[in-house]
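Notes to accompany the following structure.
Each chain gets a letter, A, B and so on, in the order its sequence line appears, and its residues count up from 1. Note that these values count all heavy atoms, side chains included, but never hydrogens, waters or copies made by symmetry. Note that the structure is a prediction, hence the values are computed from the model and not measured.
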Number of protein chains: 2
Amino acid sequence: MQLDEAKNKFIQTWGALGSQWGINKTMAQIHALLIVSNNPLSMEDVMEELIISRGNASMNLRALMDWGIVYKEYKTGERKDFFTAEKDLDELAVKIAKERSRREIKPALKILKEVSSIDAKTSLEAGQFVNQTKKLYDFVLKADNMIDKVTEIKDNWVGRLLMKVMK
Amino acid sequence: MQLDEAKNKFIQTWGALGSQWGINKTMAQIHALLIVSNNPLSMEDVMEELIISRGNASMNLRALMDWGIVYKEYKTGERKDFFTAEKDLDELAVKIAKERSRREIKPALKILKEVSSIDAKTSLEAGQFVNQTKKLYDFVLKADNMIDKVTEIKDNWVGRLLMKVMK
DNA sequence: ATAATCTTTCAATATTTTTTGAAAGTTCGG
DNA sequence: CCGAACTTTCAAAAAATATTGAAAGATTAT
């Protein structure tokens, strides 16, 4: 396999993965492209490599920056903006996890709390509903907190050791 | 808030969450409905509650069963199939994680391995590409293995203690 | 202030995904 | 084997989502 072919395959695969995770294809592809680019790319570069429109490139680069996983860079003497991807993979994972938590899990928790707060005593059915949704609330809350825990762990001595033991 | 309103809100929210995670809305809604139903529901029941067509109900119930998070039940004397959701939340999380791993992560790993195996010596660029994608491969592999680790941990004494310490 | 260069916005269009519903398929009692 | 009860399939339609491209908006050099 040639470099070009490999690069392309990687970008396509990352794009497909993205859509399965609720991220749009182009966004994931731009991200992939930036990941394997050693130097910052301009919007023009991105458009050419992926054969997409200016508007599309602009919007998705913006979205990636909102996620905090792509950065703008300025080159002296150049008027264009250039872009690079977060390449520290731990950092990348943490940022994605935090952003998803903020955008999706937190709002869901709010609703879960709300619906599990109806009066459980009005009927057997209501009681069971409250019971079930409360459990769900606790579970999602616990899962959500894990994200922070993992970040903490990485920063302390015992934690790092533990991670090693866990292979 | 009344039970009906709460139930509906829960189903809608779960559905919206689902689509952000690459699961279709109806599938997530059916799942939500079954989660808060104390007794098994027939396809007819599901169609009525969610106001969806027979085909839609059939396909999505099938998909949920493929994920292993909804089960068919038979009632003696009844010809219809009835459905219940996995209600053990730990079990639910494990099943979802395993299925996603199988469907998405494993295939992605395969591609990553492939593209990171091109000859690194042909050019500087090729070398950097291989370096970057190899790192990615290792990272994704490690993350994927964590799923299994978490399952193991829950099953052993030290692990459970650890989980408690982690709050 | 004007022009040049570059970016963003957004209504229109294209693409992808989901849903429908009717026909075909299955299963089972008699 | 037939017919009733139920489920699955899948082509067509609808809905949701992504993409384009041209105009408007910025920003900087002259």
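For the pair B:Tyr71/B:Glu86, a side-chain contact is recorded, criterion being any heavy-atom separation below 4.5 Å from C-beta on. The shortest side-chain heavy-atom distance between B:Phe139 and B:Leu112 does not fall under the 4.5 Å cut-off. At least one side-chain heavy atom of A:Asp66 sits less than 4.5 Å from a side-chain heavy atom of A:Arg103.
The closest donor-acceptor contact from the side chain of B:Lys95 to the backbone of B:Gly68 lies under 3.5 Å. Remark: the backbone N or O of B:Asn56 is paired with a side-chain donor or acceptor of B:Asn60 at under 3.5 angstrom. B:Ser117 places a side-chain N or O within donor-acceptor distance of the main-chain N or O of B:Lys113, the cut-off being under 3.5 Å.
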Steps toward side chain to side chain contact (heavy atoms under 4.5 Å, CB included) verdict (B:Leu3, A:Thr122): CA-CA 9 Å; B:Leu3 175 61; A:Thr122 49; 5.9 Å; no

Can you list the steps and then say if A:Leu136 with A:Gln132 is a side chain to side chain contact (heavy atoms under 4.5 Å, CB included)? CA-CA 6 Å; A:Leu136 214 48; A:Gln132 193 58 238; 5.6 Å; no

Test side chain to side chain contact (heavy atoms under 4.5 Å, CB included) on B:Leu34 and B:Leu61 and set out the steps. CA-CA 10 Å; B:Leu34 292 177; B:Leu61 279 167; 4.3 Å; yes

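Distance, A:Ile51 CD1 to D:dT19 P: 13 Å, rounded to whole Å. Distance, A:Asp81 CG to D:dA26 P: 15 Å, rounded to whole Å. Distance B:Asn56 CG to D:dT7 C1': 14 Å, rounded to the nearest Å. Between the CE atom of B:Met43 and the P atom of D:dT8 there is a distance of 6 Å, given to the nearest Å. Computed from coordinates, the B:Glu78 CD to D:dC6 C1' distance equals 11 Å when rounded to whole Å.
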For a quick test of your reading: what N or O donor-acceptor pairs under 3.5 Å do the side chains of residues 4-12 of chain A make, sequence neighbours left out?
unit_1, atom_1, unit_2, atom_2, d
A:Lys7, NZ, B:Glu125, OE2, 3.1
A:Lys9, NZ, B:Glu114, OE2, 2.6
A:Gln12, OE1, A:Gln29, NE2, 3.2

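The stretch residues 62-74 of chain A touches DNA chain C through A:Arg62, A:Lys72, each having a heavy atom within less than 4.0 Å of the strand. For DNA chain D, none of the residues of residues 9-34 of chain B falls under the heavy-atom distance limit of 4.0 Å.
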Distances for protein N or O near nucleotides 1-4 of chain D N or O, under 3.5 Å:
unit_1, atom_1, unit_2, atom_2, d
D:dA4, N3, B:Arg79, NH2, 3.4

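In 5' to 3' order, the nucleotides of DNA chain C bounding all contacts with chain B (an atom under 4.0 Å from a heavy atom) are C:dT18 to C:dC28.
Sequence neighbours left out, the pairs with a member in residues 45-64 of chain B that pass salt bridge (Lys or Arg N to Asp or Glu O under 4.0 Å) are B:Glu44-B:Arg54.
From A:Ile96, atom CD1 reaches atom CD1 of A:Ile69 across 4.5 Å, with rounding to the nearest 0.5 Å.
Geometrically, A:Arg100 does not engage A:Trp67 in a cation-pi contact, judged by NZ or CZ lying under 6.0 Å from the ring centre and within 45° of the ring axis.
Judged by closest nucleotide on DNA chain C, A:Met59 is the one of B:Arg54 and A:Met59 placed further toward the 5' end.
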